[in-house]
Amino acid sequence: MATVQGVLGPIDTADLGFTLMHEHVLVMNWSMRQALPGWLERDELVAHAVGEAKAAKERGVQTLVDLTPVNLGRDVEILREVAEKSGIQIIAATGFYWTEEPWYQGWDVDHLVEFLLPEITTNVQGTASQVGIIKAATDEPGVTELNRKLLQVAARLHRATGVPISTHTHVHSGTGRRQQEVFAAEGVDLTRVVIGHCGDTEDIAHLEEILEDGSTIGMDRFGLDFLLPMEQRVSTIAELCKRGWAEQIVLSHDAACHIDWFPKEAIAEAAPRWTFRHIPDDVLPALRDAGVTEEHIQTMIVGNPRRIFEHQGAY
Ligand SMILES: [Zn+2]
């Protein structure tokens, strides 16, 4: 039996079911949260997240992969509480975000690996939980000297443990390709890597370059229609399925039950469907209308997540 570490313990990969591969319960600056009373209304957030997770569960979603990295306010205690109260399975992540912070500078790759490794092998944040995936991120500035270091941290954690890598990219700058280059140079098997935020483009030729190197692509920002409307996201996936790539595509929203980057009202206005419900409610029917077969849909929402988490251990 292959297992993946969920926040409430190991999950048989056969029980992952319909899995949203890139979501967030909470994205928040820890310093602001710690310093300013009221920056996070914890009980309110937990109640809201439990409601959203239950709504997703009622629609068939069995597992959420929470890809919040360490320095975007990842809080495993909150993830455990939401998993317990909603009954949904949650997998947490380790790894760092791309925004450059002063403390990145003085540490070499292997020291940073030493800090994060126990989150995979022992426990995380003083809880009984372990993380099940490694997050890496590269945005518009590309693979800077510091970013290369962070990508190498992810690669070495992966090689030491076999736990898959999933990334944030800026697809219009081609940073997914650059990530693949760094990972390949570190000896990573690219079939164990999800290159994220690929759904923000309709550039099939670019996506096929990423796919040809073996990685899975995350079509994972459904609901952010102001970046690219759902219809175009759907037709890109339909075309890729027609070309035979269904086995390397996963679906998600990159939605957050709470994110402190903008006021709640602004998010609700700019992206009203940006919740864990949009894919079951709107996207899957649209994919069917666009001619994507039921078999390909099941591959993208169940089969591929299972394959990504079934690994042979370290190498
Ligand atoms: Zn994200």
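Each residue takes its place number in the sequence, starting with 1. Order of appearance sets the numbers: ligands from 1, and atoms from 1 within every ligand.
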Metal environment of the Zn ion (ligand 1), protein N/O/S under 2.8 Å: His22 NE2, His24 NE2, Asp254 OD1

Test side-chain hydrogen bond (donor to acceptor under 3.5 Å, both in side chains) applied to His170 and Asp139, step by step: CA-CA 5 Å; His170 185 262; Asp139 205 87; 5.0 Å; no

Over 12 foreign heavy atoms within 6.0 Å of CD, Glu101: yes

Ring centres under 6.0 angstrom apart (Trp107, Phe115): yes

Close side-chain approach of His197 and His22, heavy atoms under 4.5 Å: yes

Student check: side-chain heavy atoms of Met300 and Ile237 closer than 4.5 Å: yes

Short N-O contact, Lys264 and Glu269, less than 4.0 angstrom: no

